[in-house]
Structures are given as C-alpha cells and as structure tokens.
J.: 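I'd like to ask you about the structure that follows.
All values derive from a computational prediction rather than experimental measurement.
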Amino acid sequence: MLDYDQPIERSKREVGQPAPSAGFNVLELVHLLWRRKAAIAAAGLIGASLAVAVGKSLTPRYTATAQLYVDPRELQLVDRELTPRAQDVSGMSMVVESQARLITSNSVLLQVIQQANLEKDPEFGGGDGGSVMSSLLGLIGLQGRAPSADDKKEVQLGALEALNRRITIRKTEKSFIVDVEVWSTDPAKAAMLANTLTNVYLAESRNSQALAARRATNDLSGRLKELRERLRTAETALATYKAQNNFVGTQDTLISDQQLSASNQRLAAARAATLDAQARYDQIEASRRTATDAGAIPEALQSPTIANLRAQYADARKKYAEQAAELGPRHPALRQTEKQVEDLKRTINEEIDRFAQAAKNDLTRARDYEASLNRALETQKRQSVQLSQAAVRLRELEREAEASRDVYQSFLKRSRETEEQESLNTSAARVIGEATVPQRRSFPPAMSLFAMIGFLFGSLAAAGWFVAVRQLSAGAMEPEPTRRERTVVPEAPKAPVDDASAPQAPPLTLVEKPLIARLQEADVMRTLGAILAVGNTVDLSRLGWPTLRPGFPLTTLINAMRDMRATATRHAAGKTMPVIAIVGAGATADRSVAALNFVLAAARDGTRVLMIDTDHQAHQLSSKISRPGKSEPGRFGWLSIGNKASREIKTANGISVLPVADGDAGKAAEAIRKAVVQARSAGGTDLVILDGPAMPLNAADRKLLDAADALVAVLPTHLDINEAMEDILTALGAAERKLVGVILNELNPATQSRQRDKQYA
C-alpha cells in the first residue's frame with residue numbers, strides 16, 4: 001500500500017544526519033554570572049554612584065497646585081443671558097475644557113508676567129545684566145543705551161515661553177475641578193505664580209463677560225436710532241393714508257362700518273313695518289269685500305267711535321224689530337227706525353273706509369321709507385367696497401408699523417438689559433484651593449531611586465558584557481552550523497580511493513505530502529445511462545456513471561475535495577480562476593469518473609465550474625455527453641475548439657462542459673490554453689477542471705499541465721497503486737510539484753455486474 005507518512009521519493013534513500021546545532025545553556029549562563037558576581041556588583045556600585053552624582057547636579061523643581069471650580073452652569077441673574085447655556089454633559093465638558101485652555105492663553109500669561117515682574121527674573125529669561133553694564137559704564141563716565149521696544153518685546157516673549165512650559169493644567173475626570181500646577185526652582189515663587197495665575201484668570205473671565213455685554217450694548221444702541229426713525233416713518237405713513245381715505249372710527253371699527261350696520265338694522269325694521277302695514281290693509285279690504293260684519297276688525301273694535309256707533313246700531317235694530325212686530329210695513333215710525341238703522345250702518349261703513357284709507361297711507365309711507373333706506377344702504381355698500389379695497393393698503397401699513405414697533409421695543413428692552421449686565425458677574429468659577437508653598441521637590445526624585453536605577457543598569461551592562469564576550473569566544477572556536485536544505489543526496493556506492501572520477505548522483509527534490517480522498521460506494525449512486533434526461537439538457541448524474549448522492553450530507557470525501565480546491569487556490573497565487581488537471585494511470589474511465597465527482601462536489605458548494613475534456617485519445621466524457629446533449633454556442637463566445645461539435649454544453653447541474661475536439665492534438669491543446677486564458681480574463685467562472693490528459697503524455701499534454709495551477713492524481717484500487725503512482729510521477733517530471741491530492745477510486749470497475757446491495761436510481 002502507498003505510504004504517505006513520509007515525503008514521496010522516486011528511489012529508496014537514507015536521510016543524512018542533521019548538523020549539530022549550537023546553543024547557549026541557561027545553566028552555563030548562571031554559572032558564568034556567578035563567577036563574575038564581584039565584577040557585576042562593582043559595576044552596579046559605580047553605576048549607582050554615577051546616578052547619584054547626576055541627580056545631585058540636576059536643578060531641583062518645586063511644584064505648587066491651585067484648584068479651580070469651573071462650573072459651566074453660570075448664575076441665573078437675568079432671564080435672558082448673552083450666550084446660551086450648555087444643556088448636555090458633552091456640552092458642559094467642552095465648556096470646562098475651553099476654560100482650562102483659557103488659563104494658559106497669552107492674554108492671561110502676559111498679565112501674570114507683568115504682575116509678577118518676570119521680565120527681570122533670571123529664571124524666566126530676564127536678569128540685571130543691563131543694570132550691571134550700566135553701572136560699569138557709569139564708573140567710567142559713560143551713559144548706557146536704553147533698551148529699545150524690540151528688546152523689551154523679545155524679553156517678554158521669552159518670559160512668556162518659559163512660563164508656558166512651567167504650567168500644567170489637569171482636569172479631573174467627570175468633575176468641574178481644574179488643577180493648575182506651576183513649577184519653579186523657588187518653592188515660594190511657585191506658589192505665588194499659581195495663585196497669581198488663578199486670580200488673573202478669574203479677573204480676565206469677569207472682564208471678558210463685561211466686555212461682551214458692553215459690545216452688545218453698543219451694537220444695540222447704534223441700531224436704536226435707525227429703528228426709531230423707521231417706526232416714526234411707518235406710523236406717519238399710516239396716519240396720512242387713513243386721513244386721505246377717510247378711515248375714521250374707534251380703535252375697533254370704522255364709522256363707515258358702524259353706519260352700514262345701523263342702516264342694515266333700520267332697513268330690516270322698515271321691511272318688517274311695511275309687511276305689517278300690508279297685512280293690516282289686506283285684512284281691512286278683505287273684511288270690506290265680504291258680507292260679514294265690516295266692523296269686526298281689530299282696529300274697529302279698538303275705536304271708541306265705532307264701538308258707540310255699533311251700540312247705537314244694535315239698539316236701532318232692536319227697536320226696528322220690535323216695531324216691525326207691532327206696526328205695519330208702511331207705518332211712519334217703522335220707516336223712521338229703518339232709516340235710522342241705515343244711517344248708522346252707513347256711518348259705520350264710512351268709519352271703516354277711513355280706517356282702510358289710514359292703513360293704505362301707512363302702507364305707502366312704510367314702502368317709501370323702506371325704499372329710501374334701501375337706497376341709502378346701497379350707497380353705503382358702494383362706499384364700503386371702496387373702503388375695503390383701500391383697507392388692503394391700510395392693513396399693509398399697519399403691519400409695517402406694528403413690526404417696526406415690535407423690533408424697536410425689543411431692541412430697546414435688550415439694550416437696557418445688556419447695559420445692566422455689564423456690572424453683573426454671572427461666572428460660577430472660583431478658587432477652591434489656593435496654592436501653598438511646596439515642602440518637597442517634584443524633580444529630581446529621591447537619591448535612593450537614582451542609586452537603585454544606577455545599580456541596576458550598571459549590573460545589567462556588566463552582565464551583558466560578559467555574556468557577549470562568552471558568545472564571541474565560543475563562536476570563534478566552533479564552526480557555524482549549516483542550514484538544513486530541502487534536498488537529499490543519496491549515499492553513493494563505495495568506490496576505491498583512487499577512483500576520483502566516479503559520477504555523483506544528482507540531488508532529489510522531495511514532494512510535499514498531498515491530500516488523500518477515498519471515493520467509495522457509500523458516497524455515490526448508480527444510474528442507467530441516459531434515463532430520465534431533462535429534455536435536451538444534459539444531466540451529469542444520468543450518464544450511467546456513479547455520481548455523488550444528491551442532498552447527501554457532508555462526508556469525508558467532500559471535505560477532502562474541498563481541501564484540495566483550497567490548496568489549488570493557494571497555488572494559483574491570487575488568480576481569479578484556478579485550473580486543476582485530473583490525471584490518472586490506465587485507459588479505463590476511472591479518471592473521468594473521479595473528475596466528474598470532483599466537479600459535482602465543487603458545484604454543490606456553489607462554485608461555477610467549467611469542465612474541459614482534454615483526453616484526446618479515449619475522450620470518455622465527450623462520448624457520454626455527445627449523445628443526449630445538444631451543443632450550443634458558448635456563453636462568452638470563445639468556448640469552442642475548432643468546429644461546431646466542440647462548443648460548450650450547458651448541463652442541468654449548473655456545470656459547463658467543453659468536449660474534446662477531433663483533429664490534431666497540438667492544435668486542440670493550444671485552443672484549450674487560449675480558452676482558459678480568455679475565460680480567466682472574461683470572468684463568470686470560478687474554477688476550471690481538466691479531465692486528463694491521459695497517460696502517456698506527449699509534448700502538447702505537458703504544455704497543458706504547465707498551464708495548470710494544481711494536479712490531482714486518480715489511483716484505481718483494482719490496480720497496484722504504488723506502481724501507478726510511480727508511473728504518474730515519472731510521467732509528470734518537473735510538474736510533480738503541483739500535485740495537491742490523490743483520489744483513491746475504490747469503486748468497482750464498470751464492467752462488473754451489479755450486486756443486490758447496490759442502489760440504482
């Protein structure tokens with residue numbers, strides 16, 4: 001059985017003994033340092049002494065610290081502040097950090113320099129050198145040159161830079177506390193500078209607020225005069241327009257609107273009176289036209305005259321009835337009474353006619369009054385329409401005047417507020433801890449620490465020196481170990497001493513261990529050739545060859561094939577489309593079956609595969625797919641080899657197959673290489689699998705293998721796999737370094753009969 005535990009060699013050879021490697025023993029290191037302990041200790045003491053001497057020579061520094069409380073939530077003394085307050089935590093933190101940067105601003109530091117008189121302090125770049133020179137010149141009767149403005153400015157800038165280097169501002173995390181640290185060679189001076197700096201900062205903060213309020217007041221006051229003139233102009237234009245268009249009235253309504261409303265009310269009352277008079281007149285006329293009692297109307301009943309006449313009329317009729325019963329129709333008394341009844345009735349009718357005439361006069365008067373009111377109302381309506389049109393401009397003028405009045409009042413009020421804020425201090429910053437005179441220096445540290453550091457560095461330097469000397473002396477005495485090569489030279493046969501011309505065997509390159517996959521019966525299913533074909537589309541699982549079970553869970557075979565593809569991708573060195581050639585020994589279909597299952601495993605993982613039949617001799621794959629399939633032009637237009645019969649075939653498995661072309665082997669191999677190059681440049685394919693070429697290899701087949709990125713060998717188990725592998729390696733030659741995997745085909749040969757435990761689709 002083929003053994004892959006060791007790298008594959010073409011002949012048996014012995015591995016040479018590795019060269020002895022030189023190293024340094026830890027125990028020897030400890031013994032070496034122990035023998036030199038006195039020298040190492042002496043070096044440590046010398047280092048400690050030097051460190052203490054250096055520490056003593058350094059100028060001491062004293063640091064004084066003052067604490068400030070900078071609260072971004074300023075005092076609320078007025079309703080409206082000049083600047084909005086920070087509401088969230090991030091905004092407050094930014095305000096505190098800004099105030100901390102303000103402490104070290106040039107305006108604050110220049111005031112500190114002026115108050116502390118640092119321009120004449122030698123520690124800050126000043127001094128009395130000028131006064132000494134003036135004194136010397138005065139001894140000989142000469143007057144020294146007064147310092148110029150440029151000299152003073154230069155000295156001031158030097159003091160400013162020196163003071164800035166001596167200040168450190170530290171903000172305490174998650175608080176409004178700011179530490180102001182100032183160091184100096186004099187502890188009292190350090191405390192004085194820290195306190196002066198905090199006082200100047202607070203004064204500068206107050207002055208900046210007052211200056212901002214004063215600037216705002218001046219800006220607002222400068223605008224008040226213009227706003228006042230604008231308001232006066234707007235109000236004058238409004239008053240003039242009202243007078244020109246007769247807009248007179250109260251503040252709420254105009255007189256014309258009041259008159260129109262009153263006229264409308266009077267017209268409504270007049271119409272009601274007219275209707276009342278018409279109804280009364282109609283009632284009187286109706287009573288007169290009917291045969292009923294004419295005096296039975298409300299006006300007649302309310303009249304005393306009618307009432308008296310009706311009473312007399314009733315008495316006369318009663319008397320007439322009594323006389324008619326006693327006297328004859330021609331009796332004078334009866335006729336007189338009858339005449340009296342007629343006279344009373346006529347008198348009542350005449351009185352009723354007067355009532356009717358009065359009602360008619362009232363109706364005429366009411367109609368005339370209504371007509372006059374209607375004419376007056378129409379006149380007022382026309383005037384109101386004219387005033388409404390003129391009111392558009394009036395409202396515009398009123399809005400302009402109102403806006404000018406509001407702006408002027410707002411500016412006037414804000415100007416008075418900012419004027420009062422000049423004298424208010426709303427800042428909540430204050431000193432919560434004044435700087436005190438430091439009792440201990442902040443630099444340099446204690447001399448004991450210097451001594452410890454010097455002793456440590458001196459000891460380490462001495463120990464390193466002894467170790468370096470030991471290594472150099474050991475390297476001079478021992479030869480340098482040789483680096484292990486990846487070639488093995490076989491042991492030459494023993495020859496006589498005087499045979500110096502004996503040929504030496506060339507070095508043999510070791511082949512790295514390839515991956516091994518086992519194609520077994522449990523991994524595949526068998527189908528009858530060309531059954532259940534999908535129309536004219538080729539189904540690679542229906543070619544009659546054993547293929548992977550559809551939907552079968554991941555197995556060792558599939559994982560091994562996936563590892564082979566990953567190794568081939570690494571060999572491709574970043575190419576977008578690796579090319580893998582499947583090679584095998586023998587003239588059977590074992591190689592093509594293994595290649596087909598290799599392609600199906602890649603397609604199951606979602607890889608877009610192009611399979612090319614490069615077996616120009618047996619062309620097992622092309623013979624299988626040429627019958628049921630239908631050739632069609634390639635997807636990219638280049639997948640064709642010489643003639644129409646060799647064009648790309650689309651399969652139902654999502655795999656493209658390019659059959660082998662008839663003709664010259666060299667031309668077909670050259671066409672396949674061109675197709676691979678064009679497919680890689682065009683995209684659309686993730687992997688190319690070459691089925692073949694078959695053994696033995698010719699010159700064209702070797703060119704195809706040179707174009708491949710990786711090789712996979714197929715070894716059928718019904719053959720001697722050791723001899724088959726030896727034949728493959730011999731045929732590959734230099735291309736054996738591309739071998740990434742071996743597939744052991746443990747399937748029964750296709751010529752064997754089917755058994756009962758086999759499954760067929």
Side-chain angles (χ1 to χ4, degrees), residues 4 7-8 509-519 523 540 548 554-585 590-615 621 653-658 669 672-673 675-695 697 701-715 725 728-729 731-745:
Y4 286 100
I8 301 172
T509 304
L510 298 180
V511 179
E512 296 183 358
K513 179 180 179 181
L515 300 170
I516 299 178
R518 299 177 61 185
L519 181 58
D523 298 321
L540 296 179
L548 295 177
L554 297 180
T555 61
T556 306
L557 173 66
I558 296 178
N559 292 331
M561 290 181 175
R562 184 183 294 113
D563 295 338
M564 292 179 187
R565 296 198 305 272
T567 306
T569 303
R570 292 195 298 270
H571 283 204
K575 296 179 181 178
T576 58
M577 188 184 69
V579 180
I580 303 177
I582 310 294
V583 297
D590 293 321
R591 185 202 65 244
S592 297
V593 171
L596 177 61
N597 285 279
F598 193 90
V599 171
L600 291 175
R604 178 178 294 186
D605 292 340
T607 305
R608 297 171 295 180
V609 186
L610 170 63
M611 189 176 183
I612 303 177
D613 187 0
T614 60
D615 189 353
L621 179 63
N653 312 91
I655 301 169
S656 300
V657 180
L658 190 61
I672 290 174
R673 287 199 303 271
V676 171
V677 172
Q678 295 176 4
R680 179 171 288 147
S681 62
T685 303
D686 301 327
L687 180 64
V688 175
I689 303 297
L690 303 181
D691 180 16
M695 300 296 177
L697 301 176
D701 295 336
R702 293 186 182 279
K703 291 182 180 180
L704 282 179
L705 295 182
D706 293 338
D709 299 312
L711 303 177
V712 176
V714 179
L715 301 178
M725 190 67 193
I728 291 176
L729 293 178
L732 292 179
E736 67 180 17
R737 56 185 176 81
K738 298 182 179 181
L739 188 63
V740 298
V742 174
I743 298 178
L744 300 179
N745 188 356

J.: Is it true that atom CZ of R702 has more than 12 heavy atoms of other residues, nucleotides or ligands lying nearer than 6.0 Å?
T.: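 Enclosed: over 12 neighbouring heavy atoms sit under 6.0 Å from CZ of R702.
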J.: I need the minimum non-hydrogen distance between V593 and N597, along with the two atoms involved.
T.: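 Taking every non-hydrogen atom into account, O-ND2, 2.7 Å.
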J.: Any idea which heavy atoms bring G741 and M564 closest together, and the distance?
T.: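 Closest pair (atom of G741, atom of M564, distance): CA-CE, 3.9 Å.
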J.: Please determine whether side chain to side chain contact (heavy atoms under 4.5 Å, CB included) holds for the pair D691 and M611, giving the CA-CA distance in whole Å, both sets of side-chain angles, and the decisive distance to 0.1 Å.
T.: CA-CA 7 Å; D691 180 16; M611 189 176 183; 4.2 Å; yes
J.: Nearest 0.5 angstrom please: D615 CG to D701 CG, how far?
T.: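 D615 CG to D701 CG: 8.5 Å, rounded to 0.5 Å.
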J.: So how far is it from I655 CD1 to L610 CG, rounded to the nearest 0.5 Å?
T.: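 One gets 10.5 Å once the value is rounded to the nearest 0.5 Å.
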J.: Check whether any side-chain heavy atom of V712 sits under 4.5 Å from a side-chain heavy atom of M561, and report yes or no.
T.: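 A side-chain contact is absent here, since even the closest heavy-atom pair is not under 4.5 Å.
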J.: Is there a side-chain contact between L557 and L548 (heavy atoms, below 4.5 Å)?
T.: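 A side-chain contact exists here, since the closest heavy-atom pair is under 4.5 Å.
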J.: Looking at every heavy atom in both L687 and P578, which two are closest together, and how far apart are they?
T.: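 That would be CD1-O, 3.4 Å.
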J.: Would you please test M577 and V676 for side chain to side chain contact (heavy atoms under 4.5 Å, CB included) and show each step?
T.: CA-CA 9 Å; M577 188 184 69; V676 171; 4.3 Å; yes
J.: Only one of I728, L705, L729, L711 forms a side chain to side chain contact (heavy atoms under 4.5 Å, CB included) with E736, so which one is it?
T.: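 It is L729, the one option of I728, L705, L729, L711 that forms the side chain to side chain contact (heavy atoms under 4.5 Å, CB included) with E736.
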J.: For atom NZ of K703, is the number of surrounding heavy atoms from other residues, nucleotides or ligands below 6.0 Å larger than 12?
T.: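 Check fails, neighbour count at 12 or below.
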J.: Find out whether M725 and L715 are in side-chain contact, i.e. whether some heavy atom of one side chain is under 4.5 Å from a heavy atom of the other.
T.: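 In short, these two side chains touch, coming nearer than 4.5 Å.
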J.: Which atom pair, heavy atoms only, marks the closest approach of A594 to I743?
T.: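 That closest heavy-atom pairing would be CB-CG2, 4.3 Å.
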J.: Write down the atom of A713, the atom of L739, and the distance for their closest heavy-atom approach.
T.: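 Looks like N-CD1, 3.8 Å.
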J.: Working to the nearest 0.5 angstrom, can you tell me the gap between L704 CG and I612 CD1?
T.: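 The distance works out to 9.0 Å.
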J.: Can you measure from CG (L600) to CD1 (I689) and round to the nearest 0.5 angstrom?
T.: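 Reported value, rounded in 0.5 Å steps: 11.0 Å.
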J.: Using side chain to side chain donor-acceptor pair (under 3.5 Å) as the criterion, list what pairs up with T567, not counting sequence neighbours.
T.: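 R570.
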J.: Using every non-hydrogen atom in the two residues, find where G692 and T614 come nearest and quote the distance to one decimal.
T.: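 So the minimum-distance heavy-atom pair works out to C-OG1, 3.1 Å.
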J.: Quick check: does any side chain N or O of D709 sit under 3.5 Å from a backbone N or O of A568, one acting as donor and the other as acceptor?
T.: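 Side chain of D709 to backbone of A568, a donor-acceptor pair under 3.5 Å: no, none is there.
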J.: To the nearest 0.5 angstrom, please state how far the CG atom of N653 sits from the CG atom of L540.
T.: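 Taking CG in N653 and CG in L540, the distance rounds to 4.5 Å.
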J.: Run the side chain to side chain contact (heavy atoms under 4.5 Å, CB included) test on R565 and D605 for me, step by step, so that the C-alpha distance in whole Å, both residues' side-chain angles and the decisive distance to 0.1 Å come before the verdict.
T.: CA-CA 11 Å; R565 296 198 305 272; D605 292 340; 2.4 Å; yes
J.: With side chain to side chain contact (heavy atoms under 4.5 Å, CB included) as the test, would you mind laying out the steps for D523 and T556 before giving the verdict?
T.: CA-CA 9 Å; D523 298 321; T556 306; over 6 Å; no
J.: Flag the pair M695 / L697 as yes when at least one side-chain heavy-atom distance between them is below 4.5 Å, and no otherwise.
T.: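 M695 reaches L697 side chain to side chain.
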